[in-house]
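Residue numbers start from 1 in every chain, and the chains themselves are labelled A, B, ... in the order their sequence lines are given, proteins ahead of strands.
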Amino acid sequence: MDTAAGGSASALPPPSGSTGTGAEAKEDGERGGKPVMVVLMGPSGSGKSTFAEAVLDGSATGRPWVRVCQDTIGKDKAGTKMQCLKAVADALKEGKSVFVDRCNLEREQRADFVKLGGTLHTDVHALALELPAKVCISRAVSRTGHEGNLQGRTAALVVNRMLQKKETPLLTEGFNRIMFCNDDTDVKKAIELYSALGPLDSLPSGVFGQKRQGPIQVGIMKFLKKADASSVEKSNGPKLTLSERKLGQENPLPKQEKVESGSCSMEAKTELNDNIENEEGAKESGSYDIGYRTLAFPSISTADFQFDLDREPLTLYIVDTQLLIACRRDITQLRSKGSLQCNVIANAANWRLKPGGGGVNAAIFNAAGEALQHATKECADTLRPGNSVVVPVPLTSPLREQEAVTHVIHVLGPNMNPMRPDYLKNDYTKGCKILREAYNSLFENFASVVQSYMGKQNDQPVAVKSASGDSKMKREGGHESERMKKHKLIQPILTKQQHECTGSNAPNYRGNSVGSSDAPNQATKADNKKSGVVASKSWGTWAQSLYELAMHPDKYKNSDSILEVSDEFVVLKDLYPKAKKHVLVISRTNGLDSLADVKKEHLPLLRKMHSAGVKWAQKFLEEDMSLEFRLGYHSVPSMRQLHLHIVSQDFDSASLKNKKHWNSFTTSFFRDSVDIIEEIEQHGAANTNSDDKVLAMELRCHRCKSAHPNIPKLKSHIANCKSSFPSHLLEKNRLVSSTEHMDCT
DNA sequence: GTTCTAGAAC
DNA sequence: GTTCTAGAAC
């Protein structure tokens, strides 16, 4: 980070308008001054109260200051956040500036205050007292008479715990300004700054005083070279350090973690560019809070892809990284279980970028929830070995909410497992090359994430490296898609909106293939869409065949599958029958695609279709009187053009293969024709709200309702089940059979 | 709608 | 190792 973002507290620009003559000051002056809310952040012992009191005492500028402290606000009792919020609101409304003196280390703790500032149109500053942990602990332990009675040994434990939960303040939380104080000198300067802030002054927005941690030197990263330390370039930067660790090495070196993943063991040293005091302080407190530019990565290719690192030892050089952690802990719980906050984690992915497969991939997709799957799909469809792709973790993902992981980088390494794709047949020359490429891609993408973050901090546009390698471009196409991906790295919140925009532009096949007679129907759809009743549906080319047949039955008149053609419908043997007898009565009305389109005017057609269905069922019964039939529609059909299924209830067919097939005929997804006619008679429309979820429900026998683990077992059960049908099917002639069922209604 | 197939389940 | 599921592609 350069001085554009403040560099250090000593490089702070003077307050703008400090003479009260600037344009901003004039504007503020007309409003009668501009109060500000300063949210102090720091553990016990960091000196928040001292800071606030020093400004209150030292300010001679006429700006009224109030300190709101949770330890004291409750008088004799412990204060509450609500009391603090009220006190802050009251003070701001009176035109007073406020120091919020609470720990505020976690985003959730401070979010309400930031929100309040927004509501009252007040600038909100974060002032983070980032003193070394051991300094805070030492002060907290030794003090007496603390307002919150926190002192002695308890204080050390509390400070320790607080620091583990610390979340670095971000502008994206809603702060106008963030300032970090890393030592007593910074604190002193900040006190002077706020003490000198006149009633009409304002401080510049941005991030100030954050520790410089050095840029990642992508150019000098040498990863996974064969052991030849002499070939490694030395860094140019004075603070850069170089460490060398051989994968599979036996003896751990100082300050390094031995890491195991799958069948390999791996070691990597963590190198911090911070001053030693800070690092020690962090370790002392059990907190490695180097948060927002830290990568944790598992060993690539060594588990499921069976790459044997013992056979081909490789060396991993990590040169002046912010921090790279090769990880043997649960990579999805580094923060909550390991006190390690890593904003970027790498995933040993599969080529389809899909969940499952066990190991790290399954764990990460499990922990991140569906949101990551969707986000991944937005970035790339597939991945080739040796490549990686950055995926911003959506704000809704538990991985983001609970572990503060902002990006997942999917990496695909070489595969030495004959059971997996891209098997290299033990070609370790090729394998090593791909593994090297994979790590290079991973680290370069990590660097791009860090750079994008720094760009955000600097509030300057930055070129962000997107998915590297040959991960497939989305079909929406080339540059635009790539541009959006880049944008997403910086602004994940916008991703959803942009995605929705993209989605709304999806091709609508209906419009391409239907003539002007379709217009009224389109209007209906549009109306429905406006009222939020039915989402528009587009039909794939494969879903058009019934429509084609209905419009041009003469083209297919020689087909054995067509049983009957009238002006209003076509009766067709289902090409993939789900039972011994399965035929379709297809409407020939153009624009009538599914039940959702059916209105009262279609009732005569529905009755004719039903009668035709009954007629054909009876015809089949003449051949086999053991059959029983149901007539009905799918709530949401897969194929265009309204069609009525007449299906025998034996479900004895090789074409019935999966859960969706079964559930589409045996759950509420299947709407009996008699019920549809009745609903339209009574309400003018059919209820098609049957949730798609019913299609994924457990497999239950349609007669006795027993559950079965899979399709083959279900099929062997239904072949023998002699139970009678559920009573509702025996009513209203929902079943057509040779035996007359009593209609109880 | 089906086909194909990776991955899960057994 | 084999069977089965479920998601992507068509």
Side-chain angles (χ1 to χ4, degrees), chain A residues 303-306 347-366 370 372-374 376-385 410 412 415 417-423 471-476 506-507 509-510 513 537-550 556 561 570 572-579 582-584 586 593-595 633-645 647 651 653-665 669-670 692-699 707-717:
Chain A
D304 200 27
F305 294 146
Q306 299 179 3
N347 175 33
N350 52 49
W351 75 276
R352 300 206 309 176
L353 295 168
K354 289 285 160 196
V360 170
N361 187 58
I364 288 177
F365 273 106
N366 270 340
E370 278 186 24
L372 180 66
Q373 292 179 46
H374 298 312
T376 299
K377 199 159 179 275
E378 280 297 298
C379 294
D381 292 340
T382 58
L383 200 59
R384 295 297 304 154
H410 298 296
L412 186 63
N415 171 38
N417 181 348
M419 303 299 288
R420 298 279 174 262
D422 299 305
Y423 172 46
S471 58
K472 190 173 146 192
M473 296 279 278
K474 300 286 294 174
R475 252 179 265 121
E476 296 86 280
Y509 294 94
R510 174 204 305 275
S513 50
K537 174 164 176 140
S538 59
W539 303 95
T541 44
W542 53 264
Q544 305 275 9
S545 52
L546 296 184
Y547 170 81
E548 282 299 313
L549 174 71
Y556 308 89
S561 296
V570 176
L572 174 78
K573 282 189 202 170
D574 196 304
L575 186 58
Y576 299 95
K578 303 302 182 293
H582 183 186
V583 300
L584 306 176
I586 307 162
D593 288 342
S594 71
L595 276 187
Y633 301 86
H634 284 155
S635 291
V636 183
S638 298
M639 301 195 78
R640 179 184 182 191
Q641 199 64 15
L642 183 73
H643 54 280
L644 172 67
H645 291 268
V647 59
F651 293 112
S653 167
S655 296
L656 197 159
K657 293 176 176 173
N658 60 46
K659 187 177 268 186
K660 188 178 175 185
H661 290 156
W662 177 255
N663 282 336
S664 71
F665 287 97
F669 192 84
F670 190 83
D692 271 10
K693 281 179 187 159
V694 299
L695 295 178
M697 285 198 318
E698 61 201 341
L699 298 165
H708 300 270
N710 54 46
I711 289 288
K713 292 203 167 67
L714 172 76
K715 281 186 156 186
S716 60
H717 167 81

Do the rings of A:F665 and A:F651 sit parallel, tilted or perpendicular, given the 30° and 60° boundaries?
tilted
Would you mind reading off the distance between A:F365 atom CZ and B:dG7 atom P, rounded to a whole angstrom?
12 Å
Between B:dT2, C:dA6, B:dG1, spot the one nearest the side chain of A:H661, thanks.
B:dT2
State whether A:H634 places a side-chain N or O below 4.0 Å from either non-bridging phosphate oxygen (OP1 or OP2) of B:dG1.
yes
Between C:dA8 (C1') and A:N658 (CG): distance, integer Å:
14 Å
What do the steps show when you test A:Y633 against A:H643 for ring pair (Phe, Tyr, Trp, His ring centres under 6.0 Å), and what is the final call?
CA-CA 7 Å; A:Y633 301 86; A:H643 54 280; 8.0 Å; no
Atom pair distance, as rounded to whole Å: CG in A:L353 and P in C:dA6
21 Å
Interatomic distance, A:K573 NZ vs B:dG1 C1' [rounded to whole Å]
19 Å
Check every strand shown and say whether A:K713 touches a base, only sugar-phosphate, or nothing at a heavy-atom separation below 4.0 Å.
nothing
Could you give the CD-to-P distance, from A:E370 to C:dA6, as a whole number of Å?
14 Å
Please classify the nucleic acid contact of A:K657 as base, sugar-phosphate, or nothing, using heavy-atom distances under 4.0 Å.
sugar-phosphate
Smallest separation among heavy atoms of A:L353 and A:F365, with atom names
O-CZ, 3.7 Å
Return the value, rounded to whole Å, for the distance between atom CG of A:N710 and atom C1' of B:dC10.
10 Å
Where each residue is assigned the nucleotide of DNA chain B containing its nearest heavy atom, which of A:P709 and A:K660 is assigned the position nearer the 5′ end?
A:K660
Please determine, by modelled atom types, if A:T376 and A:H410 share a side-chain donor-acceptor pair under 3.5 angstrom.
yes
Please state how far atom OH in A:Y576 lies from atom C1' in B:dT3, giving the value in whole angstrom units.
9 Å
Rounded to whole angstrom units, what separation is found between the NE2 atom of A:H708 and the P atom of C:dC4?
15 Å
Without swapping roles, check the side chain of A:N361 against the backbone of A:K354 for a donor-acceptor pair under 3.5 Å.
yes
Does A:K354 place a side-chain N or O at less than 4.0 Å from the phosphate oxygens OP1/OP2 of C:dA8?
yes
Using a 4.0 Å heavy-atom cut-off across all strands, classify A:N350 as base, sugar-phosphate, or nothing.
sugar-phosphate
Which is more 5' along DNA chain B, the nucleotide nearest A:W542 or the one nearest A:P355? Just name the residue.
A:W542
Looking at every strand, decide which applies to A:I711 at a 4.0 Å heavy-atom threshold: base, sugar-phosphate, or nothing.
sugar-phosphate
